[in-house]
Student: 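This is the structure, below, for whatever I ask next.
Values below: all heavy atoms of this structure, side chains included; hydrogens, waters and symmetry mates excluded. Labels below follow one simple rule: chain letters A, B, ... track the order of the sequence lines, proteins then strands, and each chain is numbered from 1.
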Protein chains: 2
Amino acid sequence: MTDTINPVAAAEPGLRERKRKATSRAIQFAVLELSRDKGLENVTVDDISRRADISPRTFFNYFDSKESAVLGESHLASSLPDDLVEAFLSAGPETPVLDGLRDIMLVVAVPDTDDFELHQLRKEVIHHSPHLLIQRISRMRVFETELTALVEKRMTADALATARPNETPDQATLRDRASLTALVAMAAMRHSWGCWAESAESLSMPVLLTRSFRELRTLI
Amino acid sequence: MTDTINPVAAAEPGLRERKRKATSRAIQFAVLELSRDKGLENVTVDDISRRADISPRTFFNYFDSKESAVLGESHLASSLPDDLVEAFLSAGPETPVLDGLRDIMLVVAVPDTDDFELHQLRKEVIHHSPHLLIQRISRMRVFETELTALVEKRMTADALATARPNETPDQATLRDRASLTALVAMAAMRHSWGCWAESAESLSMPVLLTRSFRELRTLI
DNA sequence: TGCAATATTGCGTAGTCTGCAATAATTGAA
DNA sequence: TTCAATTATTGCAGACTACGCAATATTGCA
């Protein structure tokens, strides 16, 4: 898929692309409305397909499962922007690692603010079946792995910057701390999601994330 | 099901009980060996049942899914021992909440040390499909909820003990902090599980848990 | 032994999910 | 405009999970 000559990226997404987006939206809308009315567990893929005017087979061309359809297409499936990574790694030993992780989360965890209607529906449905939030976390395993590796790199760099020659930081210990740190950051993100799903008013994820990470600091 | 007159509880579990245990073990053994050899995704319930010499229907009398069978019967499905809860709630504002949570985890997260062979097999299999660890966490949603409520109670008590009359602690904020704290504790537990599954040597969960919680304190 | 409680099993069914091959729509280039 | 290549949709068949139900077998206990 080559880019158009037009410097403005995706100025014209093309009919194919637009149709695809429309179908995806139709599916999500269908599953969300049905879930809101009957509860997700009482909704079948056949139901969804019927309402979205597609074949059940097509449904699975778009989503792995009805749960995926509720959660929407997985953003952040791919890796992080380079400049963000660079900033995180070179922040130096003075800056708390968790602050860096918060900044990363701020970028990746903010989803499609474009479609308000879907957004609200999704929130309503997730509010009534919180187990979906856990699924959301589960689907981020790859991200979590990336994150852990990143934190390990950062911690190694920090350690080298501060250590006296003889004090080689134990790599195993470092990896350990890195994975714990990543997990704690994920916990903060999950906390934010939980607040988002519960709150009646629509606080934005950036706000919630910032708050969760701030609270984190007061915990220990 | 009334207790026997024998003061020694379950001195004789009865044939029925023993058979049930044996079947459960046979199932777990079957799924674990098959998973080790072929990978869990290539194992069907039929395979498991055949090897365990039961009908496929019986399998579902014991476990919800093959994943459940790999993870073993869910301990901590029910609620926490009363004395433990009491100790946690009344520890007072001086004791860190996370210390209390660690103590709770120490009790609930330590599984069946009785069956070494299963234990080792399980570790081997989980090591090769880490997504199971996330499932394990997912199945603890009820526990997580209990824990959150518990932390909220504790924090309320602590707040009342230290606050001056006019300073009514905001209940919403408290709930917020409570859920974040619970999530962080869960993160620590997950970290311990991760270490357990990865480590070649068999460090015990209590040791790992203690270490994870100690590291937690150095993070922020 | 014989009755009540419990466990196992087979059967049928609903639902999820995938592979495959035929068909239809879209695209870019001639 | 036309045509060929690419891509999307669909139906169909099949494997698998999961559960309700009723028949049968096993166990516990008097």
Student: Let me see the working for B/Met186 and A/Leu183 under side chain to side chain contact (heavy atoms under 4.5 Å, CB included), right down to the final yes or no.
Tutor: CA-CA 9 Å; B/Met186 297 290 284; A/Leu183 282 173; over 6 Å; no

Student: Would you please confirm or rule out a distance under 4.0 Å between OP1 or OP2 of D/dT17 and any side-chain N or O of B/Lys66?
Tutor: yes

Student: Counting only side-chain heavy atoms from C-beta out, which of C/dT8, D/dA18, C/dT9 sits nearest to B/Arg57?
Tutor: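 Of the options given, the side chain of B/Arg57 lies nearest C/dT9.
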
Student: For A/Arg16 and for A/Pro56, locate the closest nucleotide of DNA chain C by heavy-atom distance; then report the residue assigned to the nucleotide nearer the 5' terminus.
Tutor: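 Upstream on the strand: A/Pro56.
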
Student: Taking CD1 from A/Ile48 and P from C/dG15, how many angstroms apart are they, rounded to a whole number?
Tutor: 12 Å

Student: Starting at CD of A/Glu117, measure out to CZ of A/Arg25 and round the result to the nearest 0.5 Å.
Tutor: 5.5 Å

Student: Between atom CG in A/Asp64 and atom P in C/dT18, what is the gap in whole Å?
Tutor: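 These atoms are roughly 6 Å apart.
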
Student: Tell me the interatomic distance from B/Phe63, atom CZ, to D/dT17, atom P, rounded to whole angstroms.
Tutor: 15 Å

Student: Give the rounded distance in Å between these two atoms: CD1 of A/Ile54 and C1' of D/dT7.
Tutor: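 Spelled out: CD1 on A/Ile54 to C1' on D/dT7 is 17 Å.
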
Student: Quick one: is D/dT27 close enough that its OP1 or OP2 comes under 4.0 Å of any side-chain N or O from B/Lys19?
Tutor: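 For B/Lys19, the contact criterion (side-chain N or O under 4.0 Å from OP1 or OP2 of D/dT27) is met.
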
Student: Tell me: CD of A/Gln135 to P of C/dT16, nearest whole Å?
Tutor: 14 Å

Student: Can you check whether A/Tyr62 has a side-chain N or O nearer than 4.0 Å to OP1 or OP2 of D/dA8?
Tutor: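 Negative; the distance criterion is not met.
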
Student: Sort out the partner of C/dA14 for me: Watson-Crick or G-U wobble, both distances under 3.5 Å, none otherwise.
Tutor: D/dT17

Student: Check the distance between C/dA25's P and A/Arg18's CZ and give it to me in whole angstrom.
Tutor: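 For the pair A/Arg18 CZ and C/dA25 P, the rounded distance is 17 Å.
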
Student: Could you check whether A/Asn61 gets within reach of a base, just the sugar-phosphate, or nothing at all, counting any heavy atom under 4.0 Å?
Tutor: base

Student: Among B/Val151, B/Leu150, B/Val85, find the one that has a side-chain contact (heavy atoms from CB on, under 4.5 Å) with B/Ile104.
Tutor: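 Among the candidates, only B/Leu150 passes.
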
Student: For B/Ile27 and C/dT9, give me the distance from atom CD1 to atom P, rounded to whole Å.
Tutor: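 Those two atoms, CD1 and P, are 10 Å apart.
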
Student: I want to check one thing: is the phosphate of C/dT8, taken as OP1 and OP2, less than 4.0 Å away from some side-chain N or O of B/Ser55?
Tutor: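 False: B/Ser55 side-chain N/O out of range (4.0 Å or more) of C/dT8 OP1/OP2.
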
Student: Would one find a side-chain N or O of B/Thr44 under 4.0 angstrom from OP1 or OP2 of D/dC16?
Tutor: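 The answer is no; no side-chain N or O of B/Thr44 sits under 4.0 Å from OP1 or OP2.
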
Student: Taking side-chain contact (heavy atoms from CB on, under 4.5 Å) as the criterion, tell me which of A/Glu198, A/Arg136, A/Gln135 meets it with A/Ile126.
Tutor: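 For A/Ile126, the side-chain contact (heavy atoms from CB on, under 4.5 Å) check succeeds only for A/Arg136.
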
Student: Nearest-Å distance, CG (A/Asp46) to P (D/dG11)?
Tutor: 11 Å

Student: Kindly point out which of D/dT17, C/dT9, C/dT16 is positioned nearest to the side chain of A/Phe60?
Tutor: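 Looking only at heavy atoms from C-beta outward on A/Phe60, the closest nucleotide is C/dT16.
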
Student: When you check the gap from the basic side-chain N to the acidic O, do A/Arg190 and B/Glu144 get nearer than 4.0 Å?
Tutor: yes

